[in-house]
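Read through the structure below, which is laid out as C-alpha cells, and then see the notes.
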Amino acid sequence: MPELPEVETIVRGLAPVLRGRRVAAVWGSGLPLHLNRPVDLKALRAVTVGQSIRGIRRRGKYMLIQVAEAGAGVVVHLGMTGRLRVQPAGAARAPHTHVVFTLDGDDELRFVDARRFGWVAAGTPLADVPALAALGPDPLSELDAPTLRALLADSRAPIKSFLLDQRRVAGLGNIYVAEALFRAGIHPATPARRVARRAPALLDAIRAALEGGIARRGTTLRDYVDADGQRGDNARALLVYGREGEPCSRCSAVIRRRVDGGRATFFCAKCQSR
Ligand SMILES: [Zn+2]
C-alpha cells in the first residue's frame with residue numbers, strides 16, 4: 001500500500017505537469033471504488049470542469065488537487081493499488097482505468113486501480129471531506145515532539161497500532177512504522193504511553209524513515225509506481241521490513257516477524273527489547 005513517501009513522490013512528479021491546466025471533462029468507468037461506493041462524477045464535474053488546476057499537495061496519504069475556486073478541489077486516495085498519472089489523450093488507457101480528467105493540451109489525468117480500494121471525491125471545500133477532517137497531524141510538516149508526547153501519553157494502544165492510526169498521525173503504514181520503530185529502538189508491542197518521554201527520538205526516527213523513502217522515490221514491493229510509471233528504489237534500503245531471518249544491520253541478531261491483527265511486524269528483538 002502506498003504510504004506517505006510514495007504519495008509525496010507522486011505529488012512531486014505531478015505538480016509541475018498539472019499546475020495551470022484546465023479541466024475540460026471527467027469520465028468514469030461506472031465501477032464502484034472503495035467500500036463498493038460509486039464515484040460521484042456529477043460532483044467531480046461540478047468542481048473541476050472549466051476550472052484551472054492551482055496545484056496538488058499531500059496530507060498524510062491523501063492527494064489534494066486544488067482548483068482555482070477557493071478551497072475546492074479533488075481528493076485522491078490510492079488504496080492498495082491505485083495509480084495517478086498524466087498521459088497523452090491518444091495513449092491507450094491501462095486496464096482498470098476508473099476516472100479520467102481531460103486536460104487542455106491533449107492530456108489526461110488518469111486514476112487506475114486494479115483492486116479498487118482507492119477513491120476519488122470532490123470537496124467544496126476540500127477541508128470538509130470527512131477523511132481529511134478526521135486526519136491527525138502530518139509528521140513531516142505539522143507534528144512536533146510536544147504534541148506527539150501528549151498524544152502518546154493519552155494512549156494505551158501498542159505503539160505500532162498507535163502509529164498506524166491515521167487520526168493520530170497521518171501518513172504512516174506498515175512499512176514505515178516498522179522502519180521508524182527499529183530506528184527508535186522501540187518494540188512494536190510497547191504501550192504508547194510508556195514511550196511518551198521518548199517522543200523527540202521517535203519523531204526523529206519517523207522523519208528519517210520517511211525522508212529516506214522520499215529520497216529513494218518510494219518503496220516498490222509489488223505495485224507502486226511514481227507519476228512517470230517508474231518503480232521506487234527504497235525497498236533495498238529497508239532495515240527490517242521484509243527482512244525476516246536476515247541479520248540485523250546494527251547487532252547481527254536475526255530479524256523476526258510476528259503477526260498482530262493480521263498484519264506482519266518486522267523487528268530486532270535485541271535492538272527493540274521490551
Ligand atoms: Zn539488532
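Order of appearance sets the numbers: ligands from 1, and atoms from 1 within every ligand. Every heavy atom of this structure was used, including side-chain atoms; hydrogens, water molecules and symmetry mates were not. In what follows, residues are counted from 1 in the order of the sequence shown.
Looking at Gln166, its side chain does come within 3.5 Å of a backbone N or O of Gly171 through a donor-acceptor pair. Judged by distance alone, with hydrogens and angles left aside, the side-chain atoms of Glu211 form no donor-acceptor pair with the main-chain N or O of Ala209 at under 3.5 Å.
Salt-bridge check for Arg12 with Glu8: passed, with a basic side-chain N closer than 4.0 Å to an acidic carboxylate O.
Residue Leu239 is grouped with residue Leu4 when hydrophobic side chains (ILVMFWY) are merged at heavy-atom distances under 4.5 angstrom, including chains of intermediate members.
Judged purely by distance below 3.5 Å, without hydrogens or angles, the side chains of Tyr176 and Glu6 pair a donor atom with an acceptor atom.
Only protein N, O or S atoms were considered, and those under 2.8 Å from the Zn ion (ligand 1) are Cys248 SG, Cys251 SG, Cys268 SG, Cys271 SG.
Under the side chain to side chain contact (heavy atoms under 4.5 Å, CB included) test applied with Val26, the options Leu109, Val99, Val74, Val47 reduce to a single match, Val99.
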